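All values reported here derive from a predicted model rather than from experimental measurement. Every number for a ligand or one of its atoms is a count from 1 in the order of the listing. Just so you know, these numbers use all the heavy atoms, side chains as well, and skip hydrogens, waters and symmetry mates.
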Amino acid sequence: MQKRDYYEILGVSRDADADTIKKEYRKLAMKYHPDKNPDNKEAEEMFKEASEAYEILSDPEKRQRYDQFGHDADHFGAGGFSWDNFTRHADINDIFGDGFSSIFEGLFGGGFGGGRAGGRRSNRGEDLQIELSLSLKEISTGVEKKIKISTKEACDKCNGSGSEDGEVETCTQCRGSGQVYTVRQSLFGQMQVMGECPSCRGEGKIIKNRCSKCHGEGRMGKVKEINVKIPAGVEDGQYIRMRGQGNAGPRGGAKGDILVLIREKIDDVFVRDGNNILIEYPISVSQAVLGGEVMVPTLSGKVKMKIPAGTQNRRVFRLKDMGIKSLNSYSKGDQLVEIVVVIPTKISKDETNLYKQIAEYDTKRELKPDRRFFSRLRNYFS
Ligand SMILES: [Zn+2]
Ligand SMILES: [Zn+2]
């Protein structure tokens with residue numbers, strides 16, 4: 001099932017302030033609170049979902065990360081949110097009073113900080129995150145990179161089982177389920193609750209003779225080289241997920257992923273605007289007046305560009321398809337070349353004389369203030 005948006009879960013807008021978020025969480029918590037919904041799994045899930053959303057949205061830093069990356073940010077690691085991750089106890093007590101955490105202790109076994117709700121402990125390996133800095137040129141065409149990374153791989157001695165002799169027994173206490181019922185005293189009397197099996201610590205299996213190489217872990221540290229394929233058009237802050245390339249899980253658990261975080265290097269010349277590339281190109285006064293040809297740098301080398309006679313300062317020329325290839329389609333961005341007419345500040349005597357001659361012609365041309373200049377300036381900044 002698709003993971004729901006945190007804002008949607010709490011029913012708040014994306015720009016909701018902290019007070020609104022707390023208020024809406026309070027409403028949901030009151031509604032789905034386990035004491036009001038005894039034996040109602042669905043309510044319990046709704047409550048957990050709301051608490052997960054609240055955990056993220058009530059923390060400015062986590063919220064900002066969520067706004068940027070959504071659920072891709074993997075806020076709680078591979079296993080997803082569990083009550084271990086919940087840190088807003090003060091707010092809970094604030095809402096329900098002190099009796100509340102006792103209810104939880106009963107429900108989730110061990111309470112906050114120690115408990116684990118539902119299911120056998122996941123043996124999936126951890127996701128690993130690496131950062132990759134790319135130049136605009138690499139981004140414009142796509143690139144393949146070899147990267148060394150420290151991972152955990154299945155132990156070659158025991159084939160990842162963690163057992164010296166290959167023998168793994170099913171836990172007799174929980175019969176392999178990883179969970180057992182225990183009776184607990186809570187504020188509301190005796191409760192039978194499901195909790196992690198103490199014999200196998202929730203794994204459902206027991207190894208008698210631990211592998212001597214990996215000490216029963218079933219995996220070993222290893223530096224490996226991976227090939228990362230970056231498609232053209234990626235943006236700073238995006239993740240590329242390489243499934244099954246992360247850490248091997250302990251004792252034969254599934255492999256985690258590698259998350260490659262894309263960083264875009266600042267370029268000295270080019271500025272990126274979506275898939276378009278912007279550049280300022282300087283020309284001389286005489287080039288502006290007389291026109292000519294210039295060689296303009298692009299991401300794929302220099303190209304010839306015509307400057308028409310009478311080119312104004314800040315005029316923008318478009319070099320079609322010279323930008324960045326789109327990530328999601330076959331289209332390409334353009335390069336926009338903005339002309340900057342450079343007025344010389346140091347000129348020779350000869351040049352001064354020539355400019356004086358030109359000045360005589362200039363006096364015959366009348367320059368008037370004009371709205372057009374203003375609107376052009378405005379267009380430039382908008
Ligand atoms: Zn081993
Ligand atoms: Zn067990």
Side-chain angles (χ1 to χ4, degrees), residues 34 39 41 44-45 48 76-86 102-130 147-186 190-226 242-258:
D39 295 323
K41 263 276 173 235
E44 197 182 306
E45 277 308 310
K48 196 176 165 196
F76 305 110
F81 176 78
S82 78
W83 287 110
D84 300 354
N85 303 118
F86 194 73
S102 322
I103 300 171
F104 259 128
E105 220 162 288
L107 263 175
F108 300 109
F112 293 119
R116 174 177 289 275
R120 189 188 304 170
R121 182 197 287 271
S122 164
N123 264 2
R124 185 179 182 272
E126 299 85 3
D127 290 339
L128 302 170
Q129 188 183 311
I130 49 175
I147 293 171
K148 277 198 177 138
I149 181 168
S150 297
T151 60
K152 286 182 174 167
E153 300 286 300
C155 169
D156 52 11
K157 183 156 193 224
C158 61
N159 277 327
S161 71
S163 163
E164 182 79 14
D165 47 18
E167 247 173 78
V168 178
E169 288 172 16
T170 302
C171 173
T172 49
Q173 189 177 352
C174 63
R175 295 196 204 90
S177 73
Q179 294 199 316
V180 287
Y181 277 108
T182 50
V183 175
R184 271 174 187 273
Q185 288 298 335
S186 81
Q190 264 191 4
M191 289 176 89
Q192 208 185 36
V193 293
M194 184 88 109
E196 190 178 283
C197 169
S199 298
C200 61
R201 276 169 303 160
E203 288 190 17
K205 287 182 278 187
I206 286 179
I207 294 165
K208 282 268 156 65
N209 293 312
R210 288 167 181 243
C211 166
S212 54
K213 193 169 176 186
C214 63
H215 308 291
E217 169 89 359
R219 54 181 189 168
M220 307 277 296
K222 190 185 163 191
V223 176
K224 70 173 179 181
E225 197 175 63
I226 55 165
M242 302 174 73
R243 295 204 183 273
Q245 298 264 25
N247 280 351
R251 289 169 292 285
K255 285 191 154 200
D257 303 332
I258 290 180

* Asked: Hey, is Lys208 close enough to Glu167 for a salt bridge, meaning N to O under 4.0 Å?
  -> no
* **Around the Zn ion (ligand 1), number of protein N/O/S atoms which are nearer than 2.8 Å** => 4
* To do: Mind listing the protein N/O/S atoms less than 2.8 Å away from the Zn ion (ligand 2)? Waters don't count.
  => Cys171 SG, Cys174 SG, Cys197 SG, Cys200 SG
* Greater than 12 external heavy atoms within 6.0 Å of Gln173's CD -> yes
* Asked: Do Lys224 side-chain atoms and Gln245 backbone N/O form a donor-acceptor pair below 3.5 Å?
  -> yes
* Using atom types as modelled and distance alone, determine if a side-chain donor or acceptor of Thr151 lies under 3.5 Å from a backbone N or O of Lys222. => yes
* To do: Answer yes or no: is there a side-chain heavy-atom contact under 4.5 Å between Ser161 and Ile207?
  => no
* Carefully, step by step, assess Glu45 and Lys48 under the rule salt bridge (charged side-chain N to carboxylate O under 4.0 Å, His left out). => CA-CA 5 Å; Glu45 277 308 310; Lys48 196 176 165 196; 5.1 Å; no
* Asked: Is any side-chain heavy atom of Glu153 less than 4.5 Å from a side-chain heavy atom of Lys255?
  -> yes
* **Contact summary for Asp127 and Asp257, nearest pair of heavy atoms** => OD1-N, 2.7 Å
* Considering all heavy atoms of both residues, which atom of Cys200 and which atom of Gly204 are nearest to each other, and what is their separation? -> SG-N, 3.1 Å
